[in-house]
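Step one of this worksheet: look at the structure below.
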Amino acid sequence: MKERILATADKLFYLQGIRAIGVDTIAAEVGISKRTLYNHFPSKDALIAAYLERRFVQPRLSDKPPAEQILATFDSLERRFAAKDFRGCPFVNAVAELGAGDRAVKKIAVAFKESRRVWFRDRLNELGVAAADALATQLVLLVDGSIAQDLVRDDPAMARAAKEAAKVLLRNAGVDVGDDAAKPAVKRGKRAPH
């Protein structure tokens, strides 16, 4: 039951917004009483925290070379942007909706964003990049910027543009990113710009 409640809250919070969805709506969607919901989650705040913790998943381990893993992040973003139910980063959305004063939400959001930055830094360290920490920060800025641009423009190509910028940053750091930049991407029947 707890997982059903959480899965329903996840869907509704992400697609419609945390403030827009009350526990009554979640309970009704699951087909339980509000009391039953509160037996599993003592407050809406506890449910929000569980929702964000559920979304806090670590990237899959990969045998691919580190540079390829870094650039694949942007390919993954492009696929997510193309999904009809993409509504941005749930952690940014939660902080934007609930405000930075909600310490529990902000703590989870900061931990998530830092985990992504550290993942980039670790890949960059594997590549022997001297300023791995600073470059990791720049890469997460490209990720977050492409998410914001996609939300405003509804254009999955924003991830492709961020990937090209990431290649420039990686090349400037002495990383070989291969020659796939010359290959045009095809998406939705249109040839992408080079």
Side-chain angles (χ1 to χ4, degrees), residues 14 48-49 51-83 86-185 187 192-194:
Y14 183 70
I48 293 166
Y51 151 67
L52 291 173
E53 288 166 2
R54 183 177 198 252
R55 291 263 174 166
F56 196 136
V57 293
Q58 296 298 330
R60 292 182 199 151
L61 295 175
S62 175
D63 293 337
K64 294 181 180 179
E68 193 175 321
Q69 290 181 56
I70 290 168
L71 295 174
T73 299
F74 299 95
D75 298 331
S76 175
L77 281 173
E78 186 171 2
R79 287 188 299 275
R80 286 177 37 218
F81 293 175
F86 182 72
R87 239 192 112 244
C89 173
F91 302 94
V92 171
N93 294 349
V95 171
E97 279 192 70
L98 303 174
D102 189 321
R103 290 181 183 210
V105 166
K106 184 157 184 181
K107 182 178 178 181
I108 295 168
V110 167
F112 174 79
K113 292 297 185 180
E114 181 60 11
S115 76
R116 293 309 185 250
R117 194 187 71 75
V118 168
W119 181 87
F120 277 122
R121 186 194 65 201
D122 291 349
R123 301 300 72 76
L124 293 165
N125 282 332
E126 290 170 18
L127 290 164
V129 171
D133 204 54
L135 183 51
T137 299
Q138 294 168 351
L139 291 169
V140 295
L141 289 172
L142 288 175
V143 167
D144 287 340
S146 69
I147 291 170
Q149 284 294 314
D150 175 67
L151 286 173
V152 171
R153 296 172 181 265
D154 192 23
D155 183 358
M158 295 299 105
R160 213 171 313 129
K163 180 179 180 179
E164 292 307 314
K167 286 179 182 180
V168 170
L169 291 172
L170 290 169
R171 280 187 196 111
N172 287 345
V175 175
D176 178 11
V177 294
D179 197 6
D180 64 337
K183 297 177 190 170
K187 189 75 171 173
H194 298 219

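In this text, all values refer to a predicted model and were calculated from it rather than measured experimentally. The basis for the numbers below is simple: all heavy atoms, side chains too, and nothing from hydrogens, waters or symmetry mates.
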Atom CZ of Arg87: over 12 foreign heavy atoms under 6.0 Å: yes

How about Lys106: does its NZ atom have over 12 heavy atoms from other parts shown lying under 6.0 Å from it? no

Between [X] and [Y], which heavy-atom pair has the shortest distance, and what is it?
X	Y	answer
Pro90	Arg55	CG-CD, 3.8 Å
Ala67	Leu127	N-CD1, 3.9 Å
Phe56	Ile108	CE1-O, 4.0 Å
Val95	Ala109	CG2-CB, 3.6 Å

Could you measure the distance from the [atom1] atom of [X] to the [atom2] atom of [Y]? Nearest 0.5 Å is fine.
X	Y	atom1	atom2	value
Arg160	Phe81	CZ	CZ	11.5 Å
Leu139	Leu135	CG	CG	4.5 Å
Leu170	Asn172	CG	CG	9.0 Å

Would you please test Arg121 and Thr137 for side chain to side chain contact (heavy atoms under 4.5 Å, CB included) and show each step? CA-CA 8 Å; Arg121 186 194 65 201; Thr137 299; over 6 Å; no

Show, in sequence, the C-alpha distance, side-chain angles and deciding distance for Leu124 and Ile70, and conclude whether the side chain to side chain contact (heavy atoms under 4.5 Å, CB included) test is met. CA-CA 9 Å; Leu124 293 165; Ile70 290 168; 3.8 Å; yes

Which residues share a ring pair (Phe, Tyr, Trp, His ring centres under 6.0 Å) with Phe91, sequence neighbours left out: Phe112

Within the 4.5 Å heavy-atom criterion, are [X] and [Y] side-chain neighbours or not?
X	Y	answer
Lys163	Met158	no
Trp119	Gln69	yes
Ile48	Asp102	no

Is there a donor-acceptor contact under 3.5 Å from the side chain of Asp150 to the main chain of Asp155? yes

Counting only N and O atoms by type, is there a donor-acceptor contact under 3.5 Å from the side chain of Ser146 to the main-chain atoms of Leu142? yes

For Glu68, the salt bridge (Lys or Arg N to Asp or Glu O under 4.0 Å) test, sequence neighbours excluded, returns none

Would Lys113 and Asp144 count as a side chain to side chain contact (heavy atoms under 4.5 Å, CB included) if you check the C-alpha gap in whole Å, the side-chain angles of each, and the deciding distance to 0.1 Å? CA-CA 10 Å; Lys113 292 297 185 180; Asp144 287 340; 2.7 Å; yes

Test side chain to side chain contact (heavy atoms under 4.5 Å, CB included) applied to Arg116 and Gln58, step by step: CA-CA 8 Å; Arg116 293 309 185 250; Gln58 296 298 330; 4.0 Å; yes

List in chain and number order the residues that pass side chain to side chain contact (heavy atoms under 4.5 Å, CB included) with Leu151, two or more places apart in sequence or in another chain; answer none if no residue qualifies. Phe86, Ile147

